[in-house]
Amino acid sequence: MNTKNDFQLRDVTLRDGLQLTGGMLSTERKAGIVRSLLAAGVPAIEIGSMARPDLVPPMANTLELISALTSEELEKCWIWVATPRHVEKAAAAGAVNMQYCLSVSDAHNQANIGRSTEASMAALPQALEHAREAGATLQLCLATSFTCPFEGGIDPGRVLKLVEDPRGNGVSDVVICDTLGHAVPEQVNALIGKVKAAAPDLGIVFHGHDTWGMGVANAIAALDAGATTIDGALGGLGGCPFAPGASGNTSTEDLLFGLRPDWLYPENFADLVRLGESITSELQEDNRSKSALGARSKAAAFQWVMPS
């Protein structure tokens with residue numbers, strides 16, 4: 001198993017966390033959230049998407065946000081892209097880390113991106129070329145790696161075929177997504193293990209949702225099998241607007257409390273709980289983090305409980 005010092009947490013509040021809520025945050029507010037996350041020690045942040053703003057309005061100011069951040073801040077920030085043109089536009093604004101997303105399921109890729117999975121893969125070499133020209137890092141993100149809301153269960157062989165496709169040569173990592181939160185730890189462990197065996201030189205990111213309460217357990221199973229990064233969102237916000245049945249991401253607070261990376265202490269954990277509470281309140285969304293609730297409990301002798 002990866003120890004707590006061997007994995008990275010990426011907070012996706014500002015992309016996957018916001019897109020299902022429909023909540024609008026100003027560029028200034030988003031930049032402040034990025035800086036608060038970095039100040040708390042969060043090592044990586046997904047800050048936005050190049051999705052069409054008429055389809056995903058909360059992402060409309062992503063380019064403005066990129067421009068508002070310093071080059072040092074952008075080194076730790078990630079942008080969701082789905083086409084070579086997206087890569088060009090994000091790089092021109094200053095982005096240096098991007099994840100090129102497509103769905104293992106054709107039906108979901110059509111709903112989410114408006115083209116077939118094969119069409120998205122066919123465009124990947126050009127996206128990689130644009131990233132190389134810009135000196136940017138590009139991940140391959142595979143949505144619906146376990147189940148699809150339209151097609152049902154996904155054969156792991158379909159995931160492995162995409163991971164092994166030579167058109168992806170040059171990506172830094174592969175992101176395996178439990179888009180609907182249907183997977184259980186045994187499935188996650190098995191698929192991540194197969195991906196690790198098929199592409200031993202790639203980093204592996206596990207992106208999980210907590211729809212059925214398996215988010216933290218699935219993240220631990222992914223780390224056990226060789227994942228190097230796990231995604232989470234403050235307050236368990238988020239989900240895919242083009243995947244019926246998808247609910248919030250696995251909570252950043254729950255992942256951190258359970259895994260205790262070496263940079264986490266009760267003090268900066270409390271800062272993150274407060275930040276999650278502030279964002280969910282502002283968006284008028286429920287805070288789904290069990291650890292955030294625990295931090296507000298009356299068990300004052302426990303060091304992770306926040307002072308009242």
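If you read the sequence from its start, that first residue is 1, and numbering goes on from there. The structure displayed is predicted, hence computed values, not measured ones.
One finds the CD atom of E46 at 9.5 Å from the CH2 atom of W80 (value rounded to the nearest 0.5 Å). Here the CG-CG distance, from L223 to L259, works out to 6.0 Å after rounding to the nearest 0.5 Å. Annotation: the span from T83 atom OG1 to Y100 atom OH amounts to 7.0 Å, rounded to 0.5 Å. To the nearest 0.5 Å, atom CG of residue D231 and atom CH2 of residue W78 are 10.0 Å apart. For the atom pair CD1 of I79 and CD of Q99, the computed distance is 9.5 Å after rounding to the nearest 0.5 Å. Put simply, CG on L102 and OG1 on T144 are 8.5 Å apart, with the number rounded to the nearest 0.5 Å.
Remark: side-chain polar atoms of D178 are not paired, donor with acceptor, to backbone N or O of G208 under 3.5 angstrom. Under a 3.5 Å cut-off, the side chain of T229 and the backbone N or O of L9 do not form any donor-acceptor pair. Looking only at distances, no side-chain donor or acceptor of S297 sits under 3.5 Å from a matching main-chain atom of L293. In this structure, N109 contributes its side chain and I113 its backbone to no donor-acceptor pair below 3.5 Å. Without hydrogens or angle criteria, D210 side chain to G215 main chain gives a donor-acceptor distance under 3.5 Å. N249 places no side-chain N or O within donor-acceptor distance of the main-chain N or O of H209, the cut-off being under 3.5 Å. Not one N or O on the side chain of T250 forms a donor-acceptor pair closer than 3.5 Å with the backbone of G232. Side-chain N or O atoms of E151 include one that pairs as donor or acceptor with a backbone N or O of A107 at under 3.5 Å. Judged purely by atom type and a 3.5 angstrom limit, S49 has no side-chain atom pairing as donor or acceptor with the backbone of R15. Remark: the backbone N or O of E72 is not paired with any side-chain donor or acceptor of E75 at under 3.5 angstrom.
Closest approach of N218 to A183, counting heavy atoms only: ND2-O, 2.9 Å. Across all non-hydrogen atoms, the minimal contact from A131 to V87 is N-CG1, 3.8 Å. Looking at every heavy atom in both residues, T70 comes nearest to R35 through N-NH2, 4.5 Å. Minimum heavy-atom separation, T27 to A68: CG2-CB, 4.2 Å.
Side-chain N/O atoms of R29 and S278 include a donor and acceptor closer than 3.5 Å. No donor-acceptor contact under 3.5 angstrom links the side chains of S289 and N287, judged on distance only. Residues T21 and E285 have side chains that never bring a donor and an acceptor to within less than 3.5 angstrom of each other. Side chains of E28 and S26: no donor on one and acceptor on the other come within 3.5 Å.
Cluster annotation: I230 and W263 are assigned to the same hydrophobic cluster (Ile/Leu/Val/Met/Phe/Trp/Tyr, side-chain heavy-atom contacts under 4.5 Å, transitive). Taking hydrophobic clusters as Ile, Leu, Val, Met, Phe, Trp and Tyr residues chained together by side-chain heavy-atom distances below 4.5 Å, I154 does not share a cluster with V175. There is no path of hydrophobic side-chain contacts, each under 4.5 Å, that joins M24 to V56.
For the pair V12 and R10, the minimum side-chain heavy-atom distance is below 4.5 Å. Between L162 and M121 there is a side-chain heavy-atom pair separated by less than 4.5 Å. With contacts defined as side-chain heavy-atom distances shorter than 4.5 Å, the pair L202/S172 does not qualify. Side-chain contact between L37 and L275 is present, with at least one heavy-atom pair separated by less than 4.5 Å. Contact check for V163 versus L142: side-chain heavy atoms found under the 4.5 Å cut-off.
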Exercise for review: List the steps and the verdict of side-chain hydrogen bond (donor to acceptor under 3.5 Å, both in side chains) for D6 and T228.
Suggested key: CA-CA 7 Å; D6 291 335; T228 48; over 6 Å; no
Practice item. Show your reasoning for whether side-chain hydrogen bond (donor to acceptor under 3.5 Å, both in side chains) applies to D106 and S116. Key: CA-CA 5 Å; D106 268 311; S116 68; 4.6 Å; no
Point to revise | side-chain hydrogen bond (donor to acceptor under 3.5 Å, both in side chains) between D11 and T252, worked out | key: CA-CA 7 Å; D11 183 86; T252 289; 2.7 Å; yes
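Ring orientation note: the planes of F146 and F206 are nearly perpendicular, at an angle over 60° on the 30°/60° scale. Between F257 and W304, the two ring planes are perpendicular [angle over 60°; tilted spans 30° to 60°].
Salt bridge E277/R274: absent, no basic N to carboxylate O contact under 4.0 Å. Salt-bridge check for R288 with D286: failed, with every basic side-chain N at 4.0 Å or more from each acidic carboxylate O. The residues R158 and D155 are annotated as not salt-bridged, no charged nitrogen and carboxylate oxygen being separated by less than 4.0 angstrom.
Environment of NZ in K30: crowded, with over 12 heavy atoms of neighbouring residues, nucleotides or ligands closer than 6.0 Å.
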